[in-house]
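Worth knowing before you read on, the calculation uses all heavy atoms, side chains too, and leaves out hydrogens, waters and symmetry mates.
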Amino acid sequence: MTHRFRRRVARVAVTVVAVAALAACSGSSDEEADTASQTAGDAAAATSAGPGAGDTPQADLAGLPDVVATVNGEDIDQEEFVSAYQPQFDQAAAQAQQAGSDVEQGELKQQTLDFMVNNLLLRQAADEAGVEIAAAEVDADIAELATSNGAASTADFFTALEEQGFSEDEVRAEVENQLKIEKYLTDTSDVEQPSGDDIRALYDELSAQQEASGEDSTDAAAPTIPPFDEVQAELEQQLLSEAQSEAVDGILSDLRGDADITSNL
């Protein structure tokens, strides 16, 4: 039995940028919106002030080549790479600041490029397989994205993205590509529904781990695993997600093995 892949192998980079921009469109309180606006303003001010301004880390974009990588004759250019890398850096920098550490930008850039190459390989494979997506599917997915990002409507969603420099056509094209990839993975993979025995085995394994942990702990109030019936659906989804991830890894391994990939990073 084949299951549709809802695991986002790659999500539209602009939706990451849009989260902050959509604060005013969400159902949060005025105070929360003011706080978000102030935070965004502080970040923008620090960025415009240049490297070394305050304690805000800056993405190192110096020296990036015009073509960061080429995959089967198709380029990933500097602009595309920066659009994907900047949100990843911003998130990593915020986490690093909280932990009192630094971002290893060389490693993060390589991870971002690997992510983009994988996404491009999957999109190329979907195109070669003749996968097509109807306009109604694109509209439905954009509506879902708008809702999950707190926008009151798709119009507000597009407005926020346009303010960040992304046109409606660009967003629609990227969403269509992601839906193509998901459909390709669904058609290509054969992921079976986890059996009752598999779910029970996972539960027993977790129970044994919890029991062993409790024996080693002096905390009498240590949490215990809920009854099987209460977590069966969650464990089933966990096993299904793991199987889908393994299938994606196998497909990507095959695609990379046959691909002509040049990295200039």
- Item | Gap separating the OG1 atom of T188 from the NZ atom of K183, nearest 0.5 angstrom | 11.5 Å
- Message: What verdict does the side-chain hydrogen bond (donor to acceptor under 3.5 Å, both in side chains) test give for S241 and Q237, after you've listed the backbone C-alpha separation in whole Å, the side-chain angles of each residue and the deciding distance to 0.1 Å?
- Response: CA-CA 6 Å; S241 295; Q237 184 56 50; 3.1 Å; yes
- Message: Assess the residue pair Q244 and V248 against the criterion (side chain to side chain contact (heavy atoms under 4.5 Å, CB included)); give the C-alpha distance rounded to whole Å, side-chain angles, the decisive distance to 0.1 Å, and a yes or no.
- Response: CA-CA 6 Å; Q244 289 181 335; V248 171; 5.5 Å; no
- Please name all residues satisfying salt bridge (Lys or Arg N to Asp or Glu O under 4.0 Å) with E168, sequence neighbours left out, ordered by chain then number. R172
- Query: So which heavy atom on Y203 is nearest to which on F228, and how close?
  - Reply: OH-N, 3.4 Å
- Task: Please check if the side chain of T147 supplies one atom and the backbone of A143 the other of a donor-acceptor pair under 3.5 Å.
- Result: yes
- Query: Hey, what do you get for CG (L120) to CZ (F115), rounding to the nearest 0.5 Å?
  - Reply: 12.5 Å
- Item | Stepwise side chain to side chain contact (heavy atoms under 4.5 Å, CB included) check, L113 with K109 | CA-CA 6 Å; L113 183 58; K109 286 176 182 176; over 6 Å; no
- Item | N/O donor-acceptor pair under 3.5 Å between E234 side chain and V231 backbone | no
- Item | Minimum side-chain heavy-atom gap P57-V103 below 4.5 Å | no
- Item | Donor + acceptor pair across side chains of E174, Q178 (<3.5 Å) | yes
- Can you tell me how far the CD1 atom of I142 sits from the CZ atom of F157, to the nearest 0.5 Å? 7.5 Å
- Query: How long is the span from the CG atom in L202 to the CG atom in L235, to the nearest 0.5 Å?
  - Reply: 5.0 Å
- Note on the structure: Rounded to the nearest 0.5 angstrom, the CG-CG distance for D198 and L239 is 6.5 Å
- Message: Show the nearest heavy-atom pair for residues L240 and V191, with the distance to one decimal.
- Response: CD1-CG1, 3.7 Å
- Flag, side chain of Q105 to backbone of Q58, donor-acceptor distance under 3.5 Å: yes
- Message: Taking CD in Q111 as the centre, count heavy atoms belonging to other residues, nucleotides or ligands within less than 6.0 Å. Is the count above 12?
- Response: yes
- Closest approach of A96 to D102 (non-hydrogen atoms, all atoms of both residues): CB-C, 4.1 Å
- Of all heavy-atom pairs linking F166 and S83, the shortest is CE2-OG, 4.4 Å
- Message: Run Q232 and E236 through side-chain hydrogen bond (donor to acceptor under 3.5 Å, both in side chains) and show every step you take.
- Response: CA-CA 6 Å; Q232 181 177 0; E236 181 179 7; 5.6 Å; no
- Task: Determine which pairs satisfy salt bridge (charged side-chain N to carboxylate O under 4.0 Å, His left out) with at least one residue from residues 115-133, sequence neighbours left out, and list them in order.
- Result: E74-R123, R123-D127, D127-K180
Side-chain donor-acceptor pairs under 3.5 Å in residues 59-72, sequence neighbours left out?
{"from": "D60", "atom 1": "OD1", "to": "A62", "atom 2": "N", "distance (Å)": "3.3"}
{"from": "T70", "atom 1": "OG1", "to": "D75", "atom 2": "OD1", "distance (Å)": "2.8"}
{"from": "N72", "atom 1": "OD1", "to": "D260", "atom 2": "N", "distance (Å)": "2.9"}
{"from": "N72", "atom 1": "ND2", "to": "Q124", "atom 2": "OE1", "distance (Å)": "3.0"}

- Tightest non-hydrogen contact, residues N118 and R256, listed as OD1-NE, 2.8 Å
- Message: Run the side chain to side chain contact (heavy atoms under 4.5 Å, CB included) test on N119 and M116 for me, step by step, so that the C-alpha distance in whole Å, both residues' side-chain angles and the decisive distance to 0.1 Å come before the verdict.
- Response: CA-CA 5 Å; N119 194 54; M116 296 180 74; 5.6 Å; no
- Does the side-chain hydrogen bond (donor to acceptor under 3.5 Å, both in side chains) test come out yes or no for Q238 and E242, once each step is laid out? CA-CA 6 Å; Q238 177 181 331; E242 290 173 354; 3.3 Å; yes
- Which value, rounded to the nearest 0.5 Å, describes the distance between I251 atom CD1 and I181 atom CD1? 11.5 Å
- Message: Heavy-atom count check: over 12 atoms from other residues, nucleotides or ligands less than 6.0 Å from Q110 CD?
- Response: yes
